[in-house]
Amino acid sequence: MTAETTMRLETLAVHAGAATDAETGAVAPPIHLSTTFRHGPAAERIAGYEYQREGNPTQDRLETAIAALEGGAAALAYASGMAAIAGLLETLPAGARILLPDDCYSGLRYLATEFLPQRGVHAAFVDMSDLAAVRAACAQPVALLWAETPSNPLLKVSDIAALAQVAHAHGALLACDNTFATPVLQRPLALGADVVMHSTTKYFGGHSDVLGGALVFARQDALFDAVRHRRHITGGVLAPFSAWLLLRGCRSLAARMAMHCANARVLASFLAGHPAVARVNWPGLPSHPGHAVAAVQMRDFGAMLSVQLRGGREAALAAAGKLQLFTNATSLGGCESLVEHRASVEGANPVSPQDLLRISVGLEHPDDLVADWAQALDGLA
Ligand SMILES: *Cc1c(COP(=O)(O)O)cnc(C)c1O
């Protein structure tokens, strides 16, 4: 681990948690499916493991890798991003008040409105890109602030270092959902956050074939112990095969992010110049309200963007229907490009504008991606 802390991110992505198998010399890691591990007659641990739900070697490798990539003291892997979020927020004591972004991931919104109040944890929703609003919301006692930057689907950017200062000045923790950026582009712990959360389903997995989540902690302290104990007892753990797929995803994460971002840049500038387009939401565009903050706290601007069409809902649905390389599907971060009319998937009270399509830019050739949008927008201007 000492050597790993001095390595650059690309090197960590390949080598963290990647020691060759001690028994066989295998370079690719083994998948340990065993649910139980031999112990001594008085339950003495022989190799450090007892039962899969408590901890297992494949998961350990993944947690080592994710903690190293985020520059954290320790990580916990979960069965999904939502299991990770719940694992953290359900550890807060009754009476805790938390601040969530007004445009937070929909699953977190449901958790905070339907379930957390049953435990006595109450959320207030704030625009996290508006520091004055965040400070005002901290006038009442607060236990935790949640940031999600860039956010979904308007790609709003919040200032992680400033939020950490506000949180700590009020004795609160800052947790940051780093799913869209990944540690390749943004490392919230180095900016002062206390906990980072990932839906590893997205870029870590990278191939739209594994569900997972993770929490990364700045310190291996009492909070970490409490959250780990909760995971052990409530059981939302990751399956070893999923941990193995996510480890494989880690190895190419930095390389994929570079190409995702380069493709997004090409597509965003094409869309921004198209007469059928009213607005492109991508923090890499100088016109984006979060561009300056993103330029400071991110290494590149990511590959999630959204586009708002002059022709409104009708034009958005028409374009989504004509795209051929961009599959209409939810989720993000895979090799293949995806598009989604968010308002249509948000149910009865959509928060996304009706004219908006969200795009996960994949790893195809950028000219092919641009050509697909050109034909889909043709005649909509
Ligand atoms: C997908 C997602 C989640 C939830 O993760 P799951 O793996 O689907 O449970 C949370 N936050 C963000 C930003 C996401 O994109």
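Remember, it's 1-based here, ligands and their atoms both numbered in the order they're listed. Residue numbers count from 1 along this sequence.
Among all non-hydrogen protein atoms, the one lying nearest atom 6 (P) of ligand 1 is Gly81 N, 3.4 Å. Closest to atom 12 (C) of ligand 1, if we only count protein heavy atoms, is Asp177 OD2, 3.4 Å. In terms of protein heavy-atom proximity, atom 8 (O) of ligand 1 is nearest to Tyr105 OH, 3.9 Å.
Side-chain heavy atoms closer than 4.5 Å link hydrophobic residues (I, L, V, M, F, W, Y) into clusters, and following such links, possibly through other members, connects Leu247 to Leu253.
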Test Glu70 against Arg187 for salt bridge (Lys or Arg N to Asp or Glu O under 4.0 Å), laying out the working first.
CA-CA 6 Å; Glu70 285 289 0; Arg187 297 175 96 200; 5.2 Å; no
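Closest heavy-atom approach to atom 1 (C) of ligand 1 among the candidates Lys202, Glu148, His198, Met82: Lys202.
Of all the atoms in ligand 1, the ones that sit under 4.0 Å from a non-hydrogen atom of Thr201 are 7 (O). Close contacts of ligand 1 with Ser80, meaning ligand atoms under 4.0 Å from a residue heavy atom, involve 7 (O), 9 (O). Atoms of ligand 1 lying under 4.0 Å from any heavy atom of Gly212, numbered from 1 in the order shown and given with element: 7 (O).
Judged by a 6.0 Å distance limit and a 45° cone about the ring axis, Arg256 is not positioned over the six-membered ring of Tyr203. With a 6.0 Å cutoff to the six-membered ring centre and a 45° limit on the axis angle, Arg265 does not count as a cation-pi contact of Phe301.
Counting only heavy atoms from C-beta outward, the side chains of Ser129 and Val157 never approach each other to under 4.5 Å.
Of the polar atoms of Ile85, none of the N or O atoms is found under 3.5 Å from an N or O of ligand 1, judged by distance alone. In terms of polar-atom proximity, Ser199 is counted as a contact of ligand 1, with an N or O under 3.5 Å from an N or O of the ligand.
By the neighbour-count criterion of 12 heavy atoms within 6.0 Å, atom CZ of Arg248 is sparsely surrounded, having that number or fewer from other residues, nucleotides or ligands.
Salt-bridge annotation for Lys322 and Asp372: absent, with no side-chain N of the basic residue lying under 4.0 Å from a carboxylate O of the acidic one.
Remark: distances from the non-hydrogen atoms of Leu332 to ligand 1 include one below 4.0 Å. Residue contact check for ligand 1: Ala84 places no non-hydrogen atom closer than 4.0 Å to it.
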Could you give the side-chain donor-acceptor pairs of residues 232-242 under 3.5 Å, partners two or more places apart or in another chain?
| unit_1 | atom_1 | unit_2 | atom_2 | d |
| --- | --- | --- | --- | --- |
| Thr234 | OG1 | Arg230 | O | 2.6 |

